[in-house]
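One structure is given here, and the rest of the page talks about it.
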Amino acid sequence: MSALRITMGCTNYDRTRAVFDGRAPIEGCDLTSIALAPEEVFHRAFKFEEFDVTELSLSSHTLMTARGDSAYVGIPAILSRVFRHSGIYIRTDRGIRSPEDLRGKTIGVPEYQMTANVWIRGILQDDFGVHPETIKWRRGGLEEPGRGERAPLDLPASIDLQQVPPDRTLSQMLADGEIDAIISARAPSSLRRGAAHVGRLFSDYRRVEEEYYRRTGIFPPMHIIGVRKTLAERYPWLPVSVYKSFLRAREIALEELEEIAYYFVMLPWTLDDYARAREVMPTDYWSYGLEANRHTFETFTRYHHEQGISKRRVAPEELFAASTLELSRI
């Protein structure tokens, strides 16, 4: 039988590299892969459904699943996880000393529904009592004008979300003092270039994020993998084949991370940093699968619904192909 020819759009992370280079092949498939930045993958997948296998924004996938019109079925391989306390950027001259000081402020977002911002708003509400309704939200491109939502939103009337002028970027608006803060997955260039009065809310974000993990056990997931739903229906074996490939690629990445004879990344104390992470997060902190991450996914889908992005609370099982939730054992 000839192999199934499929395409993949995905970021070339350490934990996906073995899928790209063939060390972790997808059983039964002849793969054509394209390495892209997440924003481009998401745009092309959600707008045009270009790829058979694709990296997915967890938030966008949750939104489309709640609506019942997702073109992809999820695979519980968590490609991106990032603590997000570091993603709150402020004007340091507006009296913002703590999260509570964000109430009543004007905050820019590249997209209201983006996964990083769902996590940040949820943390602000759960841990600091700062509700989304108390903030004036302004949406636009972080570095390029004209960005809007990936999928149309129907938010509660209590949410003040407005588009910024079409010739403005959030990074420049923060530098110019037109907004008080930005929450974003990417750091604005105004911070990176050292613009006056631009900083992080949590300057010691690593300490804050480590404490958050110790308290909650959550290492926030951002991106998962999806398989085109029509292909999964036609070839029921495909989701598990894809999942097994990404599981193997993750194993290879961990093996390389522990290599001391030569480093696979350009950091001088890679093993020491890895050991420190394991001290704070002694379990399998980058686990794949639903059950190992159930509390985390339940927290996210609760945030998603509470923030009015999904009209109903999505059960975590709905996000993934059923066959990937219980793999065979020997």
Side-chain angles (χ1 to χ4, degrees), residues 1-46 48-58 60-61 70-82 115 185 219 221-259 262-266 270 274 284-290 292-293 319-328:
M1 184 177 70
S2 61
L4 176 64
R5 293 187 176 184
I6 60 173
T7 60
M8 180 180 75
C10 182
T11 305
N12 190 7
Y13 305 109
D14 61 349
R15 55 264 182 203
T16 62
R17 193 158 301 134
V19 181
F20 278 95
D21 64 27
R23 289 176 294 161
I26 300 176
E27 293 173 343
C29 296
D30 179 4
L31 179 67
T32 298
S33 55
I34 306 172
L36 299 166
E39 292 92 340
E40 184 172 356
V41 176
F42 300 159
H43 174 78
R44 293 169 65 172
F46 281 102
F48 307 108
E49 301 173 20
E50 292 185 18
F51 310 110
D52 298 321
V53 175
T54 185
E55 188 170 355
L56 292 176
S57 155
L58 178 58
S60 297
H61 182 55
S70 177
Y72 294 93
V73 60
I75 306 296
I78 303 173
L79 301 192
S80 176
R81 309 180 86 125
V82 185
T115 309
F219 185 11
M222 300 292 138
H223 311 161
I224 59 172
I225 277 289
V227 174
R228 190 187 301 277
K229 189 175 291 185
T230 54
L231 270 181
E233 291 169 351
R234 185 174 180 184
Y235 303 100
W237 51 267
L238 183 58
V240 170
S241 288
V242 171
Y243 188 28
K244 288 170 64 179
S245 170
F246 280 88
L247 283 168
R248 177 57 187 146
R250 172 187 172 277
E251 291 175 0
I252 292 171
L254 287 171
E255 291 166 3
E256 292 177 345
L257 192 60
E258 294 176 322
E259 179 59 65
Y262 40 85
Y263 290 148
F264 283 84
V265 297
M266 292 188 297
T270 302
Y274 183 46
D284 182 6
Y285 65 83
W286 205 298
S287 58
Y288 287 2
L290 173 57
N293 295 280
L319 298 173
F320 304 110
S323 59
T324 64
L325 303 183
E326 186 178 352
L327 299 185
S328 63

Discussion item. Pairing donors with acceptors under 3.5 angstrom, does anything connect the side chains of E256 and Y262?
Written reply: no
Worksheet entry | Point-to-point distance, once rounded to the nearest 0.5 Å, from CD1 of I34 to CZ of F51 | 5.0 Å
Item to complete: Supply the atom-to-atom distance F264 CZ to E255 CD, rounded to the nearest 0.5 angstrom.
Response: 9.5 Å
Discussion item. Looking at T16 and T11, would you say the former's side chain and the latter's main chain have a donor-acceptor pair under 3.5 Å?
Written reply: yes
Fill in: Spatial distance of atom OH (Y235) from atom CZ (R228) [nearest 0.5 Å]
12.5 Å
Discussion item. Can you confirm whether or not the ring centre of H223 sits under 6.0 Å from the ring centre of F42?
Written reply: yes
Worksheet item: Quick one: CD1 on I224 to CD1 on I75, what's the gap to the nearest 0.5 Å?
Response: 8.5 Å
Practice prompt. Evaluate the ring planes of F219 and W286, with Trp represented by its six-membered ring, and classify them as parallel (under 30°), tilted (30 to 60°) or perpendicular (over 60°).
Written response: perpendicular
Worksheet entry | Counterpart residues, salt bridge (Lys or Arg N to Asp or Glu O under 4.0 Å), relative to E258 (two or more places apart) | none
Discussion item. Taking side chain to side chain donor-acceptor pair (under 3.5 Å) as the definition, give me every residue that meets it alongside T115, ordered by chain and number, with sequence neighbours left out.
Written reply: S57
Discussion item. For E49, give me all partners under side chain to side chain donor-acceptor pair (under 3.5 Å), at least two apart in sequence or on another chain.
Written reply: none
Discussion item. My understanding is that only residues two or more places apart in sequence, or in another chain, count here; which of them pass side chain to side chain donor-acceptor pair (under 3.5 Å) with D284?
Written reply: R250
Worksheet item: Is S245 reaching over with its side chain to a backbone N or O of A24, donor-acceptor style, under 3.5 angstrom?
Response: yes
Discussion item. Which residues pass the side chain to side chain donor-acceptor pair (under 3.5 Å) test with T7, not counting sequence neighbours?
Written reply: D52
Worksheet item: For atom NZ of K244, is the number of surrounding heavy atoms from other residues, nucleotides or ligands below 6.0 Å larger than 12?
Response: no
Worksheet item: Of the non-hydrogen atoms in Y243 and A77, which two are nearest, and what is the gap between them?
Response: CE1-N, 4.1 Å
Discussion item. Rounded to the nearest 0.5 Å, what separates atom CG in L238 from atom CG in L231?
Written reply: 6.0 Å
Worksheet item: Between atom CG of L247 and atom CD1 of I252, what is the distance when rounded to the nearest 0.5 Å?
Response: 11.5 Å
Discussion item. Going by the rule salt bridge (Lys or Arg N to Asp or Glu O under 4.0 Å), which residues pair with E50 if we only count those two or more places apart in sequence or in a different chain?
Written reply: R44
